[in-house]
Amino acid sequence: WSPADALPVCLTSPTVAILGSGDFSRSLALRLVASGVRVVVGSRCVNRIPSGLFPDAVELRNQEGAVSQAVCLVFMAVFPEHYCSLLGLQSALAGKVLVDVSNGAEMNIHGPSNAERLAELFPDSLVVKGFNTVSTWELQTGAHDGSRQVMICSNSTEGKKKVVQLARQMGFHPVDMGGLSAAREIEVAPLRLFPSWSGPVVVTFLLFLFFYGYGFLRGILLPFLAQGGHNAFYRLALDLVNESLPAVALVTLALVYFPGLFAAWLQLWRGTKYQRFPSWLDNWLQRRKQLGLLSFLCAALHGVYSLCLPLRRITLHSVSLKVPHKSSEPWDELGVWRSDLYLSCGVLGLGVLSLLAITSLPTVGNTLNWREFTFVQSGLGYIALTLSIMHTLFFGWDFAFHIEAYPFYMPPSYLLAVVVPCIVLVCRCFLLLPCIFTRLTRIRRGWESKLSQLCIDSKLRSIPQF
Amino acid sequence: WSPADALPVCLTSPTVAILGSGDFSRSLALRLVASGVRVVVGSRCVNRIPSGLFPDAVELRNQEGAVSQAVCLVFMAVFPEHYCSLLGLQSALAGKVLVDVSNGAEMNIHGPSNAERLAELFPDSLVVKGFNTVSTWELQTGAHDGSRQVMICSNSTEGKKKVVQLARQMGFHPVDMGGLSAAREIEVAPLRLFPSWSGPVVVTFLLFLFFYGYGFLRGILLPFLAQGGHNAFYRLALDLVNESLPAVALVTLALVYFPGLFAAWLQLWRGTKYQRFPSWLDNWLQRRKQLGLLSFLCAALHGVYSLCLPLRRITLHSVSLKVPHKSSEPWDELGVWRSDLYLSCGVLGLGVLSLLAITSLPTVGNTLNWREFTFVQSGLGYIALTLSIMHTLFFGWDFAFHIEAYPFYMPPSYLLAVVVPCIVLVCRCFLLLPCIFTRLTRIRRGWESKLSQLCIDSKLRSIPQF
Amino acid sequence: WSPADALPVCLTSPTVAILGSGDFSRSLALRLVASGVRVVVGSRCVNRIPSGLFPDAVELRNQEGAVSQAVCLVFMAVFPEHYCSLLGLQSALAGKVLVDVSNGAEMNIHGPSNAERLAELFPDSLVVKGFNTVSTWELQTGAHDGSRQVMICSNSTEGKKKVVQLARQMGFHPVDMGGLSAAREIEVAPLRLFPSWSGPVVVTFLLFLFFYGYGFLRGILLPFLAQGGHNAFYRLALDLVNESLPAVALVTLALVYFPGLFAAWLQLWRGTKYQRFPSWLDNWLQRRKQLGLLSFLCAALHGVYSLCLPLRRITLHSVSLKVPHKSSEPWDELGVWRSDLYLSCGVLGLGVLSLLAITSLPTVGNTLNWREFTFVQSGLGYIALTLSIMHTLFFGWDFAFHIEAYPFYMPPSYLLAVVVPCIVLVCRCFLLLPCIFTRLTRIRRGWESKLSQLCIDSKLRSIPQF
């Protein structure tokens with residue numbers, strides 16, 4: 001890439017030292033050797049390292065020896081609590097780049113980061129934070145991560161430059177995060193637990209709690225209190241869960257498509273696409289994939305539970321208890337149509353959702369061009385939503401018009417669940433009206449209404465520093 | 001890589017300009033900055049760009065300022081209908097490389113491509129087509145796409161060379177598509193909707209129509225007409241679909257293995273592997289993965305529907321209506337064996353098909369060596385085919401020998417569906433005969449029969465220019 | 001990368017020759033051309049190559065012409081049995097690097113490798129083994145394999161260096177395997193059939209055989225012999241399989257977590273983490289993913305079979321035969337709770353296992369940081385194990401305390417299957433005790449007990465060369 005004369009001398013004959021002989025040190029050494037870098041590992045007691053742990057090309061020395069061999073780069077692969085034990089190397093490390101690869105011990109909100117403490121201990125060295133987000137497994141295999149991001153920060157531009165070059169040589173994709181004060185955030189990054197999932201999971205869980213609680217009140221607790229002895233608590237384990245899951249799945253699926261409609265409406269109203277969305281809408285738009293997968297999960301569980309329930313009825317003979325005294329009923333053809341239609345819609349809807357879930361796998365999604373992606377995510381998504389609504393409506397059939405469906409004046413939960421999806425579907429159809437569709441397309445291609453330009457210009461004039 | 005003196009001056013201090021400030025411009029700027037390139041973005045009204053939209057390292061200028069800063073490369077990230085509005089920059093852009101990143105608006109079959117129109121407007125610039133197949137998401141993340149292809153074409157070798165180098169620096173895998181006349185095809189590429197799927201989907205759909213229509217005629221319409229009142233139209237929604245799906249799945253699976261057999265037979269007959277297959281066979285061979293996945297889809301749907309049907313019978317009590325008057329039948333052990341065997345074969349066949357579907361995921365398939373791949377795709381594939389045929393035959397049992405199975409002289413659809421798979425299986429066993437197998441292996445390792453050499457030599461002599 | 005002056009002259013104007021015109025030759029040529037390398041293909045009979053088979057940038061010559069054009073690198077893309085036919089080129093190839101890309105014909109344990117035979121035939125050339133593990137498909141697409149490993153070995157350092165550079169230029173990740181004697185292993189690598197799967201598959205299969213045989217003895221053969229006529233052999237096809245599968249799944253899942261506990265215990269006992277584990281434990285630890293996936297497979301099959309069984313009962317009316325004379329039983333609410341709870345635990349356990357299986361896909365796993373990975377693989381894994389055990393215990397309910405559950409003094413198989421998982425779970429809880437947990441954490445962060453240091457020091461002193 002960069003021409004030869006731009007390369008610092010230390011990288012043309014790059015001997016890099018690693019202090020410490022743990023798992024990370026070993027994996028780092030493997031990767032460095034595979035990238036054509038000479039590596040010397042420094043350990044407190046070299047004799048204790050099992051033979052064969054490091055590749056043959058790696059030289060094992062004591063810590064002083066390793067540091068003296070390093071031309072300019074030294075990786076600190078020891079636990080941060082042992083940094084003080086290296087104070088004796090202070091003069092040997094002076095002027096060299098120290099790469100701090102440690103993770104935070106726990107979510108460190110106050111107090112200095114490991115890298116900052118290291119910089120205090122070795123004021124004459126150039127401390128660079130980096131590589132802590134890379135796992136030992138990724139270092140060893142180097143497969144499928146050709147452009148894996150490595151976050152780097154330092155107060156020393158010179159040191160950062162060298163580490164960036166080395167990271168590129170190792171096949172990583174270095175990302176400059178700024179000064180050493182950013183180290184805390186980088187150190188904490190590997191401790192975060194699915195940050196993009198927490199919101200959607202909480203929403204889904206709250207929806208489940210609501211529908212479960214509502215169903216419990218309406219179907220079990222109130223009838224029990226009203227009629228005394230009629231005990232239906234056995235429905236808690238399976239029946240009620242299977243009643244709540246589809247409602248949650250349906251509402252969550254609607255929540256996937258709601259922010260897109262809202263964004264379209266905002267663009268129409270503002271008459272331009274050059275104004276940023278409010279941050280809550282931005283966040284919501286970025287969580288659609290997670291919401292969709294959670295909706296799929298609930299729908300799949302609902303499918304499995306629905307298949308399990310007849311299993312129970314058969315094995316428990318409870319069916320045979322109830323069936324006989326109904327056997328005088330005539331053949332209910334309308335009932336067959338209803339059940340067949342709601343089963344078909346349900347199965348097909350779940351099938352389409354599965355396709356959506358498969359295309360959300362990174363490698364599958366990567367092979368699609370944007371038109372295919374739009375077709376799958378938006379086209380198939382609305383088909384799934386429509387099928388799910390039809391599944392619910394066919395299930396409900398005409399029971400919603402009977403007074404018995406409203407015990408204690410509470411509508412059945414599927415009626416509650418179908419409200420938001422129906423609104424989403426109607427709004428979507430509204431956006432497809434020719435006049436609105438044309439205007440929206442024009443806005444998305446960069447056109448702006450005169451009004452919006454005026455608004456913004458006057459805003460700019462009144463707040464010139466904005 | 002290439003030595004320093006081969007690098008054009010403009011890339012050793014590469015300031016690249018991007019005209020336009022939309023989503024694509026922003027993502028392109030992010031990626032360029034991450035690749036170590038200095039970027040200046042030119043916009044009609046710089047004040048209107050929200051702060052924070054572009055990374056700090058990016059300089060924002062008006063269009064003239066941006067172009068004047070660019071050493072040699074300018075990206076045109078504006079909609080092609082606005083190209084004319086840039087005519088004022090004609091002299092500033094002279095001698096520079098203009099990269100056209102636009103997509104076609106619709107399937108453009110006649111008329112010049114956007115890149116050709118751009119070349120007409122700026123005759124003194126070197127217009128290069130490229131990067132339009134890359135999505136903004138891929139530009140931003142840069143993950144998992146280390147060698148993502150970027151198709152590039154231009155009439156200027158010099159311009160193409162510079163763009164190729166930049167694309168490599170950004171971590172893409174540039175592919176030279178030739179002169180600017182290839183731009184139309186490149187522009188249309190992102191508009192194509194699953195080009196490799198259309199054929200297999202049409203075939204599967206036609207098969208489904210055939211089996212559904214046949215089943216409708218045989219099981220519903222003709223009996224209705226013949227017996228008057230007997231109305232079985234309720235079977236349309238679920239029963240008949242579930243009768244057609246397995247037939248479609250079976251035939252489609254056979255179609256996956258048919259072209260391979262045909263190719264083997266062609267090689268045996270010609271006595272050489274150095275003659276190309278006819279193009280229809282080539283196309284068919286390239287669509288086997290899609291056919292296999294569609295077969296899996298149908299089989300999976302059939303499995304789910306088969307599990308749903310008893311659910312309906314229980315909830316609708318229709319079982320209890322029919323069962324009683326048969327309850328005097330003795331315990332039918334043969335029937336138990338039959339049903340257990342066809343269920344086992346079906347479940348195992350679907351399981352093997354699932355494994356095949358999983359290995360068709362890019363990342364899973366990538367980890368296999370060719371022997372493992374052959375084992376899975378060919379070995380497991382034929383096992384799945386055999387299990388499916390057995391599933392069908394066990395389902396059919398001995399009913400095919402009864403006259404009642406042929407109302408209106410029409411055989412049941414599973415009998416029709418099993419014909420092609422059986423032929424495929426027999427042909428495959430035929431190819432495993434030692435004498436044929438040895439000859440085929442020799443041909444595939446490069447051996448040629450004397451006869452085929454004579455044929456070809458005489459052909460070559462008679463048509464020397466071929 | 002390396003500075004310009006380190007590049008050999010032959011790569012600055014790199015014309016590379018490929019001998020042979022088969023599939024591999026074609027794919028190799030495509031990739032080389034796409035990487036900016038000039039390619040000339042040498043074939044015995046150039047006229048026989050169909051037009052369009054090779055890209056236009058590739059020059060087609062006879063073998064002598066191709067070799068003479070190659071500056072220093074010649075790929076041997078012919079079958080190894082035809083190497084002798086190239087002896088005439090011996091002098092033309094002298095001093096050039098010959099890259100042997102052939103695979104072994106069969107598992108070659110004795111005898112020289114293809115590369116060694118080639119080196120004997122061309123003693124004046126520098127023979128390098130490599131690229132045989134790359135498939136033609138990977139060469140052509142070049143997608144998703146940015147850092148795909150290419151194993152290379154040679155006795156010539158100079159030759160190896162050139163091939164390593166070319167491999168990097170082509171987007172591969174070359175791995176130096178040492179001298180030419182390593183060629184045999186490299187040639188055999190593509191012939192290996194799922195080496196990491198053989199152990200786990202054998203274990204799972206033996207477990208299945210054991211439980212199937214045990215169930216056959218206990219439930220079918222012994223009752224048949226004891227009671228004479230009572231024939232339950234029809235249970236072989238489905239019932240017994242479905243009884244054995246969950247037992248296998250449960251034990252296999254326990255085997256996934258067993259070695260981790262053993263390793264922890266070993267570290268606690270030794271008081272250090274710097275001693276290597278015995279190799280059988282190392283192997284076991286590396287096979288956990290495969291064991292887990294096999295456990296998931298068995299559990300999923302068990303789920304499907306369990307859903308299929310009521311299907312059979314309904315279609316065969318055997319239910320209606322048995323049910324009536326039990327219809328006088330009272331409503332068994334305890335039974336409903338039991339069945340609902342074991343169904344719930346089973347479904348949820350299988351759901352959690354599915355999540356685990358999905359995260360074992362390479363691309364999904366790559367997006368997790370180590371804390372998320374630990375949470376999924378260890379946290380969710382133990383949840384799945386607990387749910388599976390609860391599923392089994394709820395299924396068993398109180399029947400284990402009845403004498404009828406022990407015909408012929410043989411306990412039911414689910415009792416046998418639940419033993420190992422319970423041990424694993426108890427051990428795991430034991431490791432979570434505060435005193436043990438703290439000590440283990442300290443050991444894993446590098447702390448060592450005095451005792452262990454003494455032990456090792458004395459060992460080191462007594463066996464100084466170790």
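Model, not experiment: these values are computed from the prediction. Every chain is numbered from 1, with letters handed out A, B, ... down the list of sequences.
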Item checked: C:Asn103, part contacting chain B, at a heavy-atom distance under 4.5 Å -> side chain

Item checked: Under 4.5 Å from any heavy atom of chain C - which part of B:Leu361 -> side chain

Notebook entry, point to check: What residues, two or more places apart in sequence or in another chain, satisfy salt bridge (charged side-chain N to carboxylate O under 4.0 Å, His left out) together with B:Glu372?
Noted result: none

Item checked: Qualifying residues under side-chain hydrogen bond (donor to acceptor under 3.5 Å, both in side chains), relative to C:Glu81, sequence neighbours excluded -> B:Arg445

Check: Would a 4.5 Å heavy-atom cut-off, applied to side chains only, mark C:Asn132 and C:Ile186 as touching?
Finding: yes

Notebook entry, point to check: Is chain C contacted by the side chain of B:Val304, its backbone, both, or neither, given a heavy-atom distance below 4.5 Å?
Noted result: neither

Note to self: So for atom CZ, which belongs to C:Phe205, do other residues, nucleotides or ligands contribute more than 12 heavy atoms lying within a distance under 6.0 Å?
What the structure shows: no

